[in-house]
Amino acid sequence: MTNVFIISAPSGSGKSTLVDKLREQVPNLEFSISYTTRKPRGAEENGREYFFVSREQFEEMIRSNEFLEYARVFEVDYYGTARRFLHKAQEDGKDLLLDIDVQGAAQIRLQIPGAVSIFILPPNRSELEQRLRSRGQDSEEKIERRLETARREIENYQKYDYILVNDRLDESVEGLKAVVLSERLRRSGQPDRGLGARAEMYRLENVRERLQPILQSFREVAASGGK
Ligand code: ADP
Ligand code: 5GP
């Protein structure tokens, strides 16, 4: 049976970095390469990070029902998961990893109720801003838009099964691996080799308290008008 793992995070939290490590270290995990109408960033290549398509091509794919889910992210660009990635994972007996936003995650939960969802958060707003700037791939206007989107997105954290605060990278990688591997073992009826206890640390009900200052750092800036 194919397990579906959804990973969402505000842009700049380190999700791509974490997902790359996960893909290197966890076997039998098919990664769904999304379609998007946004332009490639930095060294991104068509067919590796995304399939970069025109708006017309994307809308044609919507009409032909090729998407499992799709959404407008940052109010301008379309992003979508092609159904064929799920079919391929099922045929190959692999699990599927979806790196999608909160709107996409909501659509997948409706279609695949057993999907496991993981939300990644930065340690606070100023660290997120710093990571977006240090990545050096977005204009000032885009950084502002991403911070504003982040503020709205993180308010959806309660819809996710697991929450990971990406503070120290090595710890986050181990945490993410524990979640994926323990869910996989548990669902296949195998002993979880101690990974379950590690994964439990990231369960929503076990991190609520720790999240409050992070959420507050975003709310405070919003309340002061973004200054
Ligand atoms: P996302 O995919 O969430 O938009 P990226 O993976 O591109 O984010 O990471 C944004 C920036 O933050 C990158 O420059 C990355 O190297 C850096 N980064 C990622 N994780 C950490 C971490 N735990 N600590 C410090 N910097 C990080
Ligand atoms: P970025 O432009 O930084 O690569 O991604 C922007 C946002 O779009 C991220 O939150 C990412 O998870 C989301 N995203 C990427 N692919 C998809 C997709 O196929 N569907 C949806 N709904 N969101 C996606």
Side-chain angles (χ1 to χ4, degrees), residues 1-11 13-16 18-23 25-36 49-51 61-62 65-73 78-121 152-166 172-190 192 195-196 198-208 211:
M1 196 198 78
T2 292
N3 298 306
V4 175
F5 293 96
I6 302 169
I7 302 194
S8 302
S11 179
S13 313
K15 182 180 50 179
S16 309
L18 287 170
V19 165
D20 286 348
K21 302 261 180 219
L22 193 69
R23 290 171 69 189
Q25 298 180 26
V26 174
N28 296 326
L29 201 52
E30 181 89 19
F31 178 72
S32 161
I33 301 170
S34 296
Y35 282 76
T36 183
E49 286 82 6
Y50 285 103
F51 292 106
M61 288 181 73
I62 298 175
N65 197 25
E66 287 182 53
F67 290 118
L68 194 58
E69 64 75 33
Y70 69 91
R72 292 276 291 278
V73 184
Y78 278 122
Y79 291 77
T81 307
R83 286 183 197 280
R84 67 184 156 83
F85 281 98
L86 176 61
H87 298 153
K88 179 155 193 317
Q90 287 167 334
E91 274 166 24
D92 297 348
K94 291 184 174 176
D95 288 341
L96 183 67
L97 184 64
L98 304 179
D99 166 348
I100 58 179
D101 83 325
V102 295
Q103 307 169 74
Q107 295 177 49
I108 297 291
R109 278 190 208 99
L110 289 175
Q111 297 182 63
I112 309 171
V116 178
S117 57
I118 306 158
F119 199 68
I120 295 165
L121 280 174
R152 279 187 273 117
E153 281 185 341
I154 61 172
E155 297 295 338
N156 290 280
Y157 75 95
Q158 309 209 42
K159 298 175 187 156
Y160 287 74
D161 302 311
Y162 295 94
I163 315 277
L164 225 136
V165 179
N166 180 22
S172 305
V173 173
E174 289 312 308
L176 193 54
K177 267 164 57 185
V179 169
V180 169
L181 293 172
S182 71
E183 285 282 353
R184 182 184 269 179
L185 290 169
R186 191 170 60 77
R187 287 156 182 246
S188 65
Q190 295 177 61
D192 72 16
L195 287 166
R198 174 87 201 241
E200 281 304 303
M201 289 165 48
Y202 304 101
R203 268 222 189 261
L204 174 62
E205 25 326 344
N206 298 330
V207 292
R208 278 183 197 279
L211 299 184

From [X] atom [atom1] to [Y] atom [atom2], the distance as rounded to the nearest 0.5 Å:
X	Y	atom1	atom2	result
Phe5	Leu22	CZ	CG	8.5 Å
Asp101	Ile7	CG	CD1	14.0 Å
Glu205	Ile163	CD	CD1	10.0 Å
Gln25	Asp20	CD	CG	11.0 Å
Leu121	Ser172	CG	OG	11.0 Å

**Candidate pair Phe119 and Val102, rule side chain to side chain contact (heavy atoms under 4.5 Å, CB included), full reasoning** = CA-CA 9 Å; Phe119 199 68; Val102 295; 3.8 Å; yes
Quiz question: by atom type and distance under 3.5 Å, do the side chains of [X] and [Y] form a donor-acceptor pair?
X	Y	value
Gln190	Arg184	no
Thr81	Glu69	yes
Asn166	Ser13	no
Tyr35	Glu66	no

**Item:** Note, Ser8 side chain near Tyr157 side chain (heavy atom, < 4.5 Å)
**Value:**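 Not touching, per the 4.5 Å side-chain cut-off.
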**Message:** Side chains of Tyr162 and Glu183, heavy atoms from C-beta outward: is any pair under 4.5 Å?
**Reply:**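 They are in side-chain contact.
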